[in-house]
Amino acid sequence: MTDDHATSHLSSVQLQSLRQDLQQQLEQRRRHLDGLRVQEQDGSGADGTWQELVISITTAERAVAELSQAYDRLVAGTYGRCARCQAAIPFERLKVRPLARNCIDCQRRHEAA
């Protein structure tokens, strides 16, 4: 089950909405990655095309990993809390940036460093 303290600032409707968004994005990214891997197996591209394909695969793998981690945090009840200060991340920020791990203040400090 989830930790009520960790997600108390998000309603069940908000959590469900975020869960659906993450699931949809994860499925979409996995399908895209699968398509790239098929292209990789075909191996018919020129060197420039091949390098672009390898970069696209790496980028897609990273996106899938980040989305999976966010979904795991949601399931564990730690999603929506700042990784640095544990403050609640507003639902509006999570809707726009579902991979957000920091509150705006901590993110600004991180970017300024």
Which atom pairs, donor and acceptor, lie under 3.5 Å between side-chain atoms of residues 58-65 and protein residues at least two apart or in another chain?
from  : atom 1 : to    : atom 2 : distance (Å)
Thr58 : OG1    : Val54 : O      : 3.0
Thr59 : OG1    : Ile55 : O      : 2.9
Glu61 : OE2    : Arg37 : NH2    : 2.9

Rounded to the nearest 0.5 angstrom, the CD-CD distance for Gln20 and Gln16 is 4.5 Å
Taking only residues two or more places apart in sequence, or in another chain, which ones meet Ser17 in a side chain to side chain donor-acceptor pair (under 3.5 Å)? Lys95
Determine whether a donor-acceptor pair (N or O, by modelled atom type, separation under 3.5 Å) exists between the side chain of Glu52 and the backbone of Thr49. no
Indicate the atoms forming the closest heavy-atom contact of Ser56 with Leu36, along with that distance. O-CD1, 3.6 Å
Quick check: do Glu40 and Ile57 have side-chain heavy atoms less than 4.5 Å from each other? yes
Identify all side-chain donor-acceptor contacts of residues 96-113 below 3.5 Å with residues at least two apart in sequence or on another chain.
from   : atom 1 : to     : atom 2 : distance (Å)
Asn102 : ND2    : Gln107 : OE1    : 3.1
Gln107 : NE2    : Glu111 : OE2    : 3.0
His110 : ND1    : Arg84  : NH2    : 2.8

Find out whether His9 and Phe91 are in side-chain contact, i.e. whether some heavy atom of one side chain is under 4.5 Å from a heavy atom of the other. no
Within this structure, what is the CG-CD distance for the pair Leu67 and Glu27, rounded to the nearest 0.5 Å? 11.0 Å
Is the shortest heavy-atom distance from the side chain of Leu22 to the side chain of Tyr79 under 4.5 Å? yes
To the nearest 0.5 Å, how far apart are CG in Leu26 and CD in Gln23? 8.5 Å
Find the distance between CG (Leu74) and CZ (Arg19) and round it off to the nearest 0.5 Å. 5.0 Å
Quick check for you: to the nearest 0.5 Å, what is the distance between Leu94 atom CG and Ile89 atom CD1? 5.5 Å
